[in-house]
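Reading through the structure tokens given below for one structure.
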Amino acid sequence: MAIRYITAIVLGSLLLVNACNNSQSRVLETSQSAVQLRSFQAKQFDTKDKEFMMRSVMATLQDLGFVIDDANMLIGTVSATKLDGYALRMTVSIRPAAEKTVVRASANYNDQPVEDPVPYQRFYESLQKATFLEANDVIG
Amino acid sequence: MNGHQKLGRIAPAIACLLLGCAPGIPTEALQINPQTLAQREASSRSYDTGNEGEILSASVQVLQDLGFTIDRTAADAGLVTASKQRDATEGGQVAAAVAMAVLFGVYMPVDDNQLIRASIVTRPIEESKKTYVRVAFQRIVTNTQGQTSKIESLNDPELYASFFRNLEQAIYLEGEKV
């Protein structure tokens, strides 16, 4: 009987030790492939005006209740946080591609990555209204 | 309800606790809602100047007047962000905590400290030589046990109206170069 208990304790501790090692592996962890993530995080807009897209993204985030944390026109990034009983942090990157502009949004809800396509669809619906431009899927 | 049904109801909750999973992002988090327009109106103004830099600089003055520390500025994107740490003690809460302690001998943590964050975004409206300004405030409150007790956007229209009164004055002074 005693041996059973000891075995259970040893196994239990091993599991715990394993779990500790795993928390470091989270640095490069992702639950989906980069291709899958990009398929719903990125959209392309029919404009070459990067500044217009930057400012529209900032206005949309403010409409959605975010406080803008940082913006960089040269690199084309906007970071923002929404606090509403939860912390939602979002980075939006804006880059020119041929005759168009590609916008990509990635969000973290508390300590979890947002990897569900629906919230991103909602974000792009709001951005479409702000820009009067259609958000199209990025091909290739 | 028999034992099996009960277990069926409780099991997912227990599994959730054991696995430490949290409920996901609310679907409306990234959606424009009926309050959006009213909130946009309360938190924005437009001024009769094509000089965006002047508005940004007046905004910095107001934030400094209010004791904020400027965290980031990006003039080409029309952004100033700032924050300040302040006391968050509320008389009512303290009175309730004292009553709990006296009557039931229970220690109740009360709000202690708050981090207030602000962002100001300007946008030139070229065709009408105006500049549009929008401000947003948020706060994170921690209690006497160091736990986060409130994490929220501040949406009181009076707060925004009062901020813009300060900004108007600062823009006027900026114009006068005082």
Side-chain angles (χ1 to χ4, degrees), chain A residues 19 23 50-90 92 94 105 107-130, chain B residues 19-33 35-44 52 71-83 114-126 132-141 148-155:
Chain A
S23 73
K50 186 180 173 188
E51 178 169 348
F52 166 74
M53 283 312 289
M54 282 277 294
R55 294 201 188 249
S56 303
V57 164
M58 288 165 80
T60 303
L61 287 168
Q62 285 194 304
D63 267 348
L64 295 169
F66 282 80
V67 155
I68 311 293
D69 300 322
D70 202 0
N72 189 307
M73 195 65 89
L74 186 68
I75 307 173
T77 55
V78 179
S79 294
T81 303
K82 178 171 182 173
L83 302 180
D84 191 8
Y86 54 77
L88 179 60
R89 241 184 97 68
M90 186 131 135
V92 183
I94 295 110
N108 280 284
Y109 175 77
N110 295 329
D111 60 353
Q112 313 238 319
V114 177
E115 292 178 342
D116 171 9
V118 179
Y120 295 103
Q121 276 167 24
R122 298 278 174 275
F123 171 73
Y124 284 111
E125 282 162 17
S126 312
L127 186 59
Q128 284 187 136
K129 280 181 196 153
Chain B
L19 295 171
C21 60
I25 177 171
T27 44
E28 69 280 5
L30 292 174
Q31 203 169 352
I32 299 286
N33 62 43
Q35 288 91 49
T36 303
L37 198 64
Q39 189 53 37
R40 187 196 291 165
E41 261 172 41
S43 64
S44 55
E52 194 183 5
D71 295 323
R72 292 241 195 287
T73 52
D76 50 1
L79 173 72
V80 177
T81 71
S83 60
Q114 57 183 334
L115 173 72
I116 305 168
R117 311 172 69 239
S119 77
I120 296 175
V121 175
T122 54
R123 192 172 185 176
I125 310 168
E126 265 147 40
Y132 175 87
V133 186
R134 181 155 185 185
V135 63
F137 295 101
Q138 293 175 337
R139 66 173 186 158
I140 301 170
V141 183
T148 303
S149 61
K150 287 191 194 87
I151 175 161
E152 60 189 8
S153 297
L154 302 174
N155 295 328

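Every value quoted in this text rests on a predicted model; they were computed, and no experiment measured them. Protein chains get the first letters and strands the later ones, always in sequence-line order, with residue 1 at the start of each.
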- [ ] Any chance you could measure B:I151, atom CD1, to A:N110, atom CG, to the nearest 0.5 Å?
- [x] 7.0 Å

Task: side chain to side chain donor-acceptor pair (under 3.5 Å) contacts in which one or both residues fall within residues 73-83 of chain A, not counting sequence neighbours - done: A:D69-A:T81, A:S79-A:T91, A:T81-A:R89

Task: Toward chain A, the part of B:R134 with a non-hydrogen atom under 4.5 Å - done: both

- [ ] Tell me, for A:A105 versus chain B, whether the close heavy atoms (under 4.5 Å) come from the side chain, the backbone, both or neither.
- [x] neither

- [ ] Check side chain to side chain donor-acceptor pair (under 3.5 Å) between B:T81 and all other residues, then give those that pass, not counting sequence neighbours.
- [x] none

- [ ] Name the region of A:Y124, side chain, backbone, both or neither, that has any atom closer than 4.5 Å to a heavy atom of chain B.
- [x] neither

Task: Student check: side-chain heavy atoms of B:L30 and A:V114 closer than 4.5 Å - done: no

Task: Under 4.5 Å from any heavy atom of chain A - which part of B:Q39 - done: neither

Task: Region of A:D63 in contact with chain B, defined by heavy-atom distances below 4.5 Å - done: both

- [ ] Nearest 0.5 Å please: distance from the CG atom of B:D71 over to the CG atom of A:D70.
- [x] 10.0 Å

TODO: Name the member of B:R117, B:Q138, B:E152, B:R72 that forms the most heavy-atom pairs with chain A at distances under 4.5 Å.
DONE: B:Q138

Task: Lys/Arg N to Asp/Glu carboxylate O, B:E52 vs A:R55, below 4.0 Å - done: yes

TODO: Measure across B:V121 and A:M58 and return the closest heavy-atom pair with its distance rounded to 0.1 Å.
DONE: CG1-CE, 3.9 Å

Task: Pick from B:I32, B:N33, B:T27 with the largest number of heavy-atom pairs that fall under 4.5 Å of chain A - done: B:I32

Open item on the list: I'd like to know whether NZ of B:K150 has more than 12 heavy-atom contacts from other residues, nucleotides or ligands below 6.0 angstrom.
Closed with: yes

Task: Part of A:I68 within contact of chain B (heavy atom distance under 4.5 Å) - done: both

TODO: Using non-hydrogen atoms and a 4.5 Å limit, figure out which bit of A:Q62 sits close to chain B: side chain, backbone, both or neither.
DONE: both

Task: Part of A:Q121 lying under 4.5 Å from any heavy atom of chain B - done: neither

Open item on the list: With chain A as the partner, which of B:S44, B:A136, B:A77 has the greatest number of non-hydrogen pairs under 4.5 Å?
Closed with: B:A77

